[in-house]
Amino acid sequence: MALLELRRLNKHFGGLHVTNSVDLALDAGEIHCLIGPNGAGKSTLFRLILGEYHPGSGDIYFAGENITPLKSFARIHRGLSVKFQVPGVFKGLSVRQNLEIALQSRHRGVGLEREIDGLLSFLGLAAEQWQTAGNLSHGQKQWLEIGMAISLKPRLLLLDEPTAGMSPEETYQTGEMVQRLNAEGMTVLAIEHDMAFVRQVAQRVTVLHLGQVFAQGSIDQIVADERVAAIYLGQAHG
Amino acid sequence: MNSMRILLRRLEGPQTVGRGPAFWSLFVLVLAGACVYPLVADGYTVGNTVYFFVWVFIALSLCLIWGYGGSLSFGQTAFFGIAGYGYGILTLNFGAAYGFTLVALLLAVGIAAFFALLLGYFMFFGRIAGVFLGIVTLAVTLTLERFMAQTAGPEWHIGVARLNGFNGMSAMPPLTIPWPGGDIVLFADIGLYYLVLGLLVFVYLGLRILMNSAFGNVIVAIRENPERAEMLGYDIRKYQLITFIIGAALAGLSGVLYTVWGQYITPSSMGMTAAALPLIWVAVGGRSDLTSTLIGTLLVLAAFQALTIYGSQYALVFMGVLLVLTVLIAPNGLVLGAMNLLSRFGMRKAEGK
């Protein structure tokens with residue numbers, strides 16, 4: 001059964017059709033990567049799924065429920081979670097407090113402290129726990145936000161460029177982490193430009209182009225698709 | 001018992017400066033000093049100190065909404081006025097017998113809170129934020145002032161209470177505690193002093209606990225990044241609205257106590273100057289910390305009053321300069337900056353460097 005299903009989803013800003021009749025079904029338990037050139041509408045699609053934008057038409061189903069009318073926080077309660085493109089940590093607060101805010105709605109007291117400690121060591125940020133989150137390196141901020149996102153124990157994790165600004169080694173580690181989470185049953189939808197990462201984790205890939213689903217398949221199928229190569233080189237407009 | 005211990009532990013935390021035995025010893029010392037103070041000072045000075053204390057509540061309310069919540073509100077002054085007038089209208093109509101003044105205090109604060117519920121609902125659920133929130137709240141405050149300013153005629157009255165325009169509403173009874181063998185009337189000296197001091201300690205400690213709780217965590221999270229906070233599953237509109245209502249109640253408490261103190265209130269207490277001054281106290285003290293706000297407000301008020309003796313307009317200019325200097329030198333607040341410096345110095349000393 002599809003965990004997330006987008007049905008003929010449309011969004012336009014004035015005359016600009018950013019999301020154009022997108023149909024997309026995500027199976028429970030898969031790692032799905034969303035790729036496409038800049039301006040393809042990937043981040044807009046995320047905002048639609050999260051309820052930050054409301055579609056002009058079309059519906060979004062999550063676990064069989066039509067969540068299109070729901071507000072963002074209600075969608076989070078249903079089991080969605082996100083790491084934004086620009087790291088959205090609470091910059092003025094300590095690393096530990098960032099995680100506390102993410103975890104406190106489900107844990108209290110000693111249990112909460114234990115969960116925070118566990119997550120800190122999982123993220124490799126134990127030494128930085130008292131630092132102000134704004135002072136972390138870019139990669140560490142990414143990790144911290146991923147930590148906050150997964151601490152909600154979501155059924156579907158949305159990752160918008162999780163490895164941007166990371167070294168190849170860090171990118172690989174992030175890939176391993178995503179696979180570990182997936183092995184525990186988390187479905188993942190990731191926007192990513194780093195093809196090494198996509199190759200490492202993706203079980204299925206969707207190519208978005210000019211707001212439409214352009215191609216879909218395994219990474220090998222996508223790489224072999226000449227039309228996909230063409231849009232990345234800017235030749236498919238004609 | 002257990003929940004009591006949790007509450008006490010929340011007196012300290014990441015959202016409030018000041019922790020450990022040193023801080024709390026100092027706190028007790030200052031409190032003891034404040035308790036003894038009326039016994040050694042003359043009645044006028046004590047009454048004047050009450051006047052300073054009265055303003056701390058509105059400052060703390062702004063600290064809560066602006067410093068912790070990140071929403072700059074000029075509306076505190078409106079709630080101040082609503083509650084102040086509310087107390088006047090209630091007590092002028094129903095008198096002071098059977099402890100009604102205390103009921104009127106609570107009702108007036110309640111009216112301000114209810115008004116905040118209405119205004120806040122439309123603002124926060126309409127997703128008004130940032131500078132627009134400041135504009136809307138300022139407009140509400142000034143509208144109220146303009147409205148009250150034109151109520152000088154005898155046709156403007158609620159029951160027997162004349163609104164009286166810029167002549168002000170006056171002669172409302174002071175707070176009166178019913179007591180067997182004669183009511184205790186809290187005039188603006190020792191009696192009112194202890195009540196206001198008690199309220200101040202209660203509100204200060206209560207806000208410390210609130211801000212270091214899970215609720216406070218969400219409030220500062222919304223200040224830091226509202227989008228992220230919502231995407232952690234928090235309905236940020238509700239948190240903002242609740243904070244706004246608590247803030248309005250505190251500002252309203254200021255308004256009632258001010259009215260009780262002087263037995264007088266005018267529309268100018270909701271004017272532009274009145275709306276701007278709390279901002280300066282809070283900014284100069286350190287808006288993101290309760291203790292800094294409290295100390296800063298008292299210091300600035302005392303300085304302002306001292307200067308006013310030499311010319312009230314110059315005192316206002318000085319306030320403006322003070323705000324500009326604060327923004328340039330210590331954007332987080334002068335008192336907060338000084339306290340952080342002190343604690344760093346203390347820590348270095350403790351480490352023996």
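Chain letters run A, B, ... following the sequence lines, proteins first and then strands; every chain starts at 1.
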*asked:* Show, in sequence, the C-alpha distance, side-chain angles and deciding distance for B/Glu224 and A/Asn98, and conclude whether the side chain to side chain contact (heavy atoms under 4.5 Å, CB included) test is met.
replied: CA-CA 10 Å; B/Glu224 294 290 319; A/Asn98 267 270; over 6 Å; no
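- Neither the backbone nor the side chain of B/Arg9 comes within contact range of chain A, judged by heavy atoms closer than 4.5 Å.
- Taking both residues in full, the closest heavy atoms of B/Ala214 and A/Gln104 are given as O-NE2, 2.9 Å, listed atom of the first, atom of the second, then distance.
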*Evaluate the criterion side chain to side chain contact (heavy atoms under 4.5 Å, CB included) for residue pair A/Arg108 and B/Ile6; output intermediate values, then yes/no.*
CA-CA 11 Å; A/Arg108 292 273 135 131; B/Ile6 291 172; over 6 Å; no
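- The environment of CZ in B/Phe114 is sparse: at most 12 heavy-atom neighbours from other residues, nucleotides or ligands sit within 6.0 Å.
- Heavy-atom contacts from other residues, nucleotides or ligands closer than 6.0 Å to CZ of B/Arg127 number more than 12.
- With a 4.5 Å cut-off on non-hydrogen atoms, A/Leu50 touches chain B through its backbone and its side chain both.
- Among all heavy-atom pairs drawn from B/Arg228 and A/Lys83, the shortest one is NH1-CA, 4.1 Å.
- More than 12 heavy-atom neighbours from other residues, nucleotides or ligands sit within 6.0 angstrom of CZ on B/Phe125.
- Contact record, A/Ser72 with B/Glu230: CB-OE2, 3.5 Å, taken as the closest heavy-atom pair.
- When all heavy atoms of A/Ile101 and B/Leu232 are compared, the closest pair comes out as CG2-CD1, 4.1 Å.
- Between B/Asn225 and A/Lys91 there is no side-chain heavy-atom pair separated by less than 4.5 Å.
- Between the CZ atom of B/Arg237 and the NZ atom of A/Lys71 there is a distance of 5.5 Å, given to the nearest 0.5 Å.
- Few gaps surround CZ on A/Phe13; more than 12 heavy atoms of other groups in view lie less than 6.0 Å from it.
- Nearest heavy-atom pair across B/Tyr234 and A/Phe73 is O-CB, 3.6 Å.
- Contact detail for A/Ile76 and B/Met231: the closest heavy-atom pair is CD1-O, 3.5 Å.
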